[in-house]
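Below is one structure, written out as structure tokens; comments come after it.
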Amino acid sequence: MTVSATGVSKTVLETKFSELTQMPDARGHFGPYGGRFVSETLSFALEELEKTYLSLRDDPDFQAEFDYDLAHYVGRPSPLYHAKRWSESLGGAQIWLKREDLNHTGAHKVNNTIGQALLAKKTGKPRIIAETGAGQHGVASATVAARLGLECDVYMGAEDVERQKLNVYRMRLLGARVIPVESGTRTLKDAMNEALRDWVTNVDNTFYIIGTVAGPHPYPLLVRDFNSVVGREARRQSLEQIGRLPDALIACVGGGSNAMGLFYPFVEDDAVAMFGVEAGGDGVETGRHAAPLTTNAPRGVLHGNRTYLMSDEAGQVSDTHSISAGLDYPGVGPEHALWKDVGRVSYVAANDKEVLEAFRELTHMEGIMPALESAHALAHAKVLAPTMRPDQHIIVNLSGRGDKDIMTVAKIDGIEF
Amino acid sequence: MNRIDQRFSELKQQGRKALIPFITAGDPAPQYTVGFMHALVDAGADIIELGVPFSDPMADGPVIQKACERALKQGTRLIDLMQMVKEFRQADTNTPVVLMGYLNPIERIGYESFADQAADVGVDGVLIVDMPPEEADELGPLLKSRDLAAIFLVAPTTSNERAATICAHGHGYLYYVSLKGVTGAATLNADDVAEHLAPLRGMTDLPLCVGFGIRDGATAAEVAKVADGVIVGSALVNRIAESLDAPETIAGQLKSVLAEMRTAMDA
């Protein structure tokens with residue numbers, strides 16, 4: 001496959017879905033996306049990480065250790081729950097929820113941090129750093145650091161520190177230091193800049209746990225692998241509980257790690273439609289959003305990889321907006337960028353208002369309070385289900401629970417604690 | 001012959017080391033940049049690195065990040081840098097100019113258009129912090145065919161194997177990053193630098209220039225003993241930051257900071 005920064009090559013468009021499982025290539029490219037665009041100081045650490053991971057990837061002992069932790073620490077498998085009342089009220093397809101909200105720490109993020117913590121242990125680094133938006137990845141990183149007795153610093157945009165106080169306190173209780181980042185837009189992308197600066201400086205003793213399927217190679221690969229447990233379980237549970245594969249999958253996409261985790265094991269199942277739901281913010285037409293795929297943002301390079309990236313004419317990275325701190329990111333994982341180009345996944349956006357409606361509806365009708373991130377996926381289920389028949393099935397990834405977002409929703413309702 | 005190669009061959013004949021100042025273009029405002037460049041040359045600059053402001057300068061410390069923010073607030077774009085170099089060339093046809101920055105602004109202009117414009121206005125080299133040689137297979141040849149030097153970084157963490165690859169791809173000079181960390185961080189250790197430069201000498205004839213952590217005449221002189229060139233950035237940009245209320249004094253200050261280094265290096 002040819003690599004071009006300037007246009008989608010013909011070979012990309014002719015890519016068969018089965019070929020998608022062979023990505024990334026040896027240089028960490030997903031077609032024209034991905035790669036390792038970092039300052040030289042980090043090249044060695046990334047090469048070392050790649051070598052360590054590739055040597056362990058098919059190692060039965062490593063896999064057994066990972067599986068053990070997922071079962072006994074995280075609490076997997078997470079259930080596949082049939083949201084009957086909600087499905088009936090929408091009057092279309094049956095909606096099933098993949099309950100990542102029931103994981104230890106309350107989101108899919110812990111699958112990846114458990115995996116990367118095992119790698120950190122193998123590389124013998126005594127310190128962990130992480131970046132976080134909504135705080136879910138920060139909490140998951142602080143959790144594994146506490147469990148392994150490692151020092152842990154979490155970078156978080158100052159705006160996110162403010163809107164996610166509950167998770168900030170959780171991280172501190174777990175023994176992590178939360179470092180507010182005042183630069184730039186004071187959100188997730190700036191937290192990632194600071195984490196990269198820290199890593200460049202302390203690369204000898206520090207393991208950087210990246211929280212999503214973005215960043216320089218090999219992060220998109222290993223985060224995908226660690227989160228694929230979601231899709232493998234969902235596929236098996238679907239066969240058992242529904243009796244066949246689902247007709248559609250829906251997941252929210254910020255960086256895209258929960259979507260990647262659900263989608264990847266279904267990539268070759270051509271009959272299963274997939275929808276990635278980005279943060280529409282005030283509405284994609286307003287420009288105040290975080291939906292690079294839906295809006296066909298230009299290609300660009302940020303945080304070590306080439307991808308769809310919201311930036312202005314001069315190549316400066318754009319400000320983003322979302323009610324959900326976890327999706328407030330101007331880029332997206334490079335594998336999603338390729339999946340968009342080859343047409344395997346449809347990317348759409350849900351705006352803040354639709355997200356709040358879905359949040360309230362699921363809470364009222366099923367007694368499950370979703371994270372605002374996950375409510376983006378639910379918002380699209382509300383659109384999609386009524387267009388389908390009652391004998392059709394949709395799996396929505398409930399990537400996290402909504403406890404952390406109660407303050408945000410209460411504020412909108414005018415309630416003060 | 002590219003102006004960078006020309007300059008190093010002259011320096012070699014004179015037995016002198018290159019002094020390479022860095023400033024962020026458009027800081028504190030675009031109308032000052034060309035004047036600053038001339039002032040730096042007057043103070044003894046051999047090559048000028050002109051920083052392309054970027055919204056997310058991940059490899060830089062707070063000093064240069066703030067310089068980027070000031071320049072971007074004034075609307076400085078990559079195409080404005082091209083105009084600055086063009087204007088600089090009207091009075092100075094000898095001093096090599098290297099554009100230094102991050103890849104995304106170049107991706108937006110388009111590689112071919114960027115290379116054409118840079119060559120047209122008289123740029124001599126390009127250093128892209130987040131583009132290692134492995135990712136330069138598209139832009140590298142476009143630069144080379146226009147006689148623009150692709151300059152790459154070597155870090156203390158770079159393995160000898162990687163260093164050999166970087167040497168094979170590099171032109172102009174190698175930029176040795178003296179520290180693990182971001183720009184403007186700690187003070188460098190000259191013995192450590194010498195130790196890391198030694199194996200590179202066996203791999204390449206490219207001049208070896210050292211940046212990160214050079215603060216004053218004393219550190220510049222120390223580094224000049226073991227390297228072919230000394231790159232100074234944050235120490236200059238700091239002066240700009242400290243004089244925002246009197247921008248007309250900045251050129252003079254930059255001149256005095258750099259002249260002190262020149263004197264110490266030549267002593």
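First the proteins, then the strands, lettered A, B, ... as listed; each starts at 1.
- By number of non-hydrogen pairs under 4.5 angstrom with chain A, the leading residue of B:Val154, B:Leu179, B:Leu153 is B:Leu153.
- Ranked by heavy-atom pairs under 4.5 Å with chain A, the list B:Val177, B:Leu139, B:Ile106, B:Asp60 is led by B:Asp60.
- Within 6.0 Å of the CZ atom in B:Arg201, the count of heavy atoms belonging to other residues, nucleotides or ligands exceeds 12.
- Here the CZ atom belonging to A:Arg299 is positioned 9.0 Å from the CD atom belonging to B:Glu107, to the nearest 0.5 angstrom.
- By the 4.0 Å N-to-carboxylate-O rule, B:Arg108 lies close enough to A:Glu313 to be salt-bridged with it.
- Note on B:Glu135 versus A:Arg306: no salt bridge recorded, every NZ/NE/NH1/NH2 to OD/OE distance being 4.0 Å or above.
- The shortest side-chain heavy-atom distance between B:Lys180 and A:Val200 does not fall under the 4.5 Å cut-off.
- B:Glu134 places none of its side-chain heavy atoms less than 4.5 Å from the side chain of A:His217.
- The shortest distance between side-chain heavy atoms of A:Asp190 and B:Asp56 falls below 4.5 Å.
- By the 4.5 Å heavy-atom criterion applied to side chains, B:Ile128 and A:Phe37 are not counted as neighbours.
- In this structure, the side chains of A:Leu309 and B:Asn104 come closer than 4.5 Å at one or more pairs of heavy atoms.
- Put simply, of A:Val317, A:Leu196, A:Leu42, the one with the most heavy-atom pairs under 4.5 Å next to chain B is A:Val317.
- Counting only heavy atoms from C-beta outward, the side chains of A:Ser43 and B:Arg162 approach each other to under 4.5 Å.
- Interface remark: A:Asp204 contributes side-chain atoms only to the contact with chain B (heavy atom separation under 4.5 Å).
- Between the side chain of A:Ser39 and the backbone N or O of B:Ala59 there is no donor-acceptor pair closer than 3.5 Å.
- Under a 3.5 Å cut-off, the side chain of A:Gln316 and the backbone N or O of B:Pro53 do form a donor-acceptor pair.
- Residue contact with chain B, scored on non-hydrogen atoms closer than 4.5 Å, involves the backbone of A:Val38 exclusively.
- Contacts with chain B were tallied for A:Glu47, A:Glu194, A:Met192; A:Glu47 has the most, counting heavy-atom pairs under 4.5 Å.
- Among the residues in residues 65-88 of chain B, those with a non-hydrogen atom closer than 4.5 angstrom to a non-hydrogen atom of chain A are B:Gln65, B:Glu69, B:Leu72, B:Arg77.
- Residue contact with chain A, scored on non-hydrogen atoms closer than 4.5 Å, is absent for B:Ile109.
- Within the 4.5 Å cutoff, side-chain heavy atoms of A:Leu302 are placed close to those of B:Phe54.
- Contacts with chain B were tallied for A:Gly184, A:Pro216, A:Ala195, A:Gly300; A:Gly300 has the most, counting heavy-atom pairs under 4.5 Å.
- Proximity of a side-chain donor or acceptor of B:Thr157 to a complementary backbone N or O of A:Thr41 within less than 3.5 Å is detected.
- No side-chain heavy atom of A:Arg36 sits less than 4.5 Å from a side-chain heavy atom of B:Asp130.
- If you measure heavy-atom distances from A:Asn202 to chain B, you find no contacts under 4.5 Å at all.
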